[in-house]
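One structure is given below, encoded as structure tokens.
Because the structure is predicted, anything quoted here is derived from the model rather than measured.
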Amino acid sequence: MDKRTYDNHAKAWVCIEDHESAREPQLVRRARELATRADLAPCPASEGFLLSAFAQMTKATSAIVVGTGSLVESAQLVEGLAGAGKLTAVDSSAAGVAAIRAFFSGIDDTTRTTLRAVNAAPSVFLQRLNGNDYDLIVVSGDASNYMPVFEQAPRLLRRGGAVVFTDALAMRAPHAKGGLTNPADRGEKAVLMRELLERIEDDERFVSAMTPTGDGVLIAVLR
């Protein structure tokens with residue numbers, strides 16, 4: 001791939017991100033503003049729209065978002081659920097779950113989607129949920145969120161349901177040095193994402209794909 005191709009890809013990313021950002025619904029913009037005020041890094045706009053599309057594609061009625069202050073992800077899932085179903089946000093950080101609860105409280109009267117925010121480590125909380133009861137699980141934030149979701153996803157998801165790992169390139173991690181784009185990056189999240197990618201690709205229970213949307217999205221669909 002020559003320099004012109006690299007430059008065109010970079011321009012394409014900016015073009016898509018600007019386009020998606022400009023058309024974000026008011027609900028999502030409100031979530032993005034709350035995240036920014038709470039000093040929580042919101043996900044890229046293109047990534048958020050992809051999550052909403054997945055909710056529609058899987059005909060989801062029950063979704064989980066696991067992350068650290070995943071306000072934009074939660075808002076786009078509410079959009080994708082189309083005012084129905086239920087959404088559970090799991091956040092182990094006090095600041096993150098407080099921001100999500102404030103957002104949920106502000107939209108509770110405008111949607112029929114059942115909203116729940118839980119302050120707990122995913123490794124503990126997910127084990128308590130009923131199996132075969134969820135259509136879509138979204139993971140973001142700290143490296144510690146990812147492997148517990150992968151381990152519980154086959155039990156939690158209905159057949160044909162999907163688990164979506166955002167920041168799959170580990171580029172948003174603290175002190176990241178390029179994430180998976182740099183083989184020399186041995187940061188916690190980069191190491192974890194390399195292992196997770198290998199495990200998912202080797203797991204015959206899933207059909208998987210990786211896309212460069214946002215900071216990388218890894219999709220695994222339960223067969």
Side-chain angles (χ1 to χ4, degrees), residues 20-21 24-56 58 60-130 133-149 152-153 156 162-167 172-174 189 214-215 217:
E20 298 292 70
S21 179
E24 280 187 329
Q26 187 58 42
L27 180 74
V28 178
R29 293 188 181 192
R30 186 191 311 175
R32 189 174 292 280
E33 290 169 3
L34 283 172
T36 301
R37 287 205 297 268
D39 201 26
L40 299 165
C43 75
S46 56
E47 185 178 289
F49 273 106
L50 185 63
L51 299 180
S52 180
F54 270 122
Q56 293 280 339
T58 58
T61 60
S62 185
I64 304 170
V65 56
V66 177
T68 310
S70 300
L71 287 142
V72 173
E73 294 91 334
S74 295
Q76 283 285 19
L77 288 174
V78 170
E79 289 283 332
L81 289 167
K86 60 181 179 178
L87 173 64
T88 301
V90 183
D91 193 327
S92 60
S93 71
V97 80
I100 291 171
R101 282 174 176 161
F103 173 63
F104 282 177
S105 178
I107 68 171
D108 193 48
D109 293 337
T110 65
T111 179
R112 290 178 296 164
T113 299
T114 301
L115 304 170
R116 176 170 64 154
V118 179
N119 185 203
S123 58
V124 175
F125 178 73
L126 295 180
Q127 298 180 50
R128 304 173 186 168
L129 298 177
N130 293 330
D133 203 28
Y134 296 88
D135 305 296
L136 181 62
I137 306 173
V138 175
V139 194
S140 65
D142 295 342
S144 60
N145 294 333
Y146 286 66
M147 203 60 77
V149 172
Q152 288 293 321
L156 293 172
V163 54
V164 180
F165 300 92
T166 69
D167 191 27
R172 294 207 304 263
K189 196 167 188 180
D215 296 305
V217 175

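Side-chain contact between F54 and L77 is absent, with no heavy atoms from C-beta onward closer than 4.5 Å. Proximity of L40 to L71: side-chain heavy atoms (C-beta onward) are separated by under 4.5 Å at one or more points. Here the side chains of P25 and F49 are in contact, with some heavy-atom distance below 4.5 Å. Under the 4.5 Å side-chain criterion, counting only non-hydrogen atoms from C-beta, R30 is in contact with I107. Contact annotation: the side chain of L136 never approaches that of L51 to less than 4.5 Å [non-hydrogen atoms, C-beta and beyond].
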Stepwise side chain to side chain contact (heavy atoms under 4.5 Å, CB included) check, Y134 with L129:
CA-CA 10 Å; Y134 296 88; L129 298 177; 3.6 Å; yes

Please lay out, stage by stage, how V138 and T166 fare under the test side chain to side chain contact (heavy atoms under 4.5 Å, CB included).
CA-CA 7 Å; V138 175; T166 69; 4.1 Å; yes

Determine, step by step, whether V78 and L81 satisfy the side chain to side chain contact (heavy atoms under 4.5 Å, CB included) criterion, reporting the C-alpha distance in whole Å, the side-chain angles of both residues, the deciding distance to 0.1 Å, and the verdict.
CA-CA 5 Å; V78 170; L81 289 167; 5.6 Å; no

With a cut-off of 3.5 Å and sequence neighbours excluded, list every side-chain donor-acceptor pair involving residues 87-101.
| from | atom 1 | to | atom 2 | distance (Å) |
| --- | --- | --- | --- | --- |
| T88 | OG1 | R116 | NH2 | 3.4 |
| D91 | OD1 | S93 | N | 2.8 |
| D91 | OD1 | S93 | OG | 2.7 |
| D91 | OD2 | G69 | N | 2.5 |
| S93 | OG | G96 | N | 3.1 |
| R101 | NH2 | A117 | O | 3.3 |

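For D108, there are no salt bridge (charged side-chain N to carboxylate O under 4.0 Å, His left out) partners two or more places apart in sequence or in a different chain. Qualifying salt bridge (charged side-chain N to carboxylate O under 4.0 Å, His left out) partners for E79, counting only residues two or more places apart in sequence or in other chains: none. Remark: A120 engages V118, F125 in a side chain to side chain contact (heavy atoms under 4.5 Å, CB included) (not counting sequence neighbours). Under the side chain to side chain donor-acceptor pair (under 3.5 Å) criterion, T113 pairs with T111, sequence neighbours left out. Checked against side chain to side chain donor-acceptor pair (under 3.5 Å), D167 has the following partners two or more places apart in sequence or in another chain: K189. S140 is linked by a side chain to side chain donor-acceptor pair (under 3.5 Å) to S70, counting only residues two or more places apart in sequence or in another chain. Residues meeting the side chain to side chain contact (heavy atoms under 4.5 Å, CB included) test with T114, sequence neighbours left out: K86. Residues forming a salt bridge (charged side-chain N to carboxylate O under 4.0 Å, His left out) with D142 (at least two apart in sequence, or on another chain): none.
Scanning both residues, G80 and Q56, for their nearest heavy atoms gives O-NE2, 2.9 Å. Of all the heavy atoms in S74 and F104, the pair that sits closest is CB-CE2, 4.1 Å. Considering every non-hydrogen atom in both A75 and L27, the closest pair reads O-CD2, 3.8 Å.
Under a 3.5 Å cut-off, the side chain of D215 and the backbone N or O of R172 do not form any donor-acceptor pair. Here the side chain of D135 pairs a donor or acceptor atom with the backbone of T61 at under 3.5 angstrom.
Annotation: salt bridge (Lys or Arg N to Asp or Glu O under 4.0 Å) contacts involving residues 32-41, sequence neighbours excluded, comprise E24-R32.
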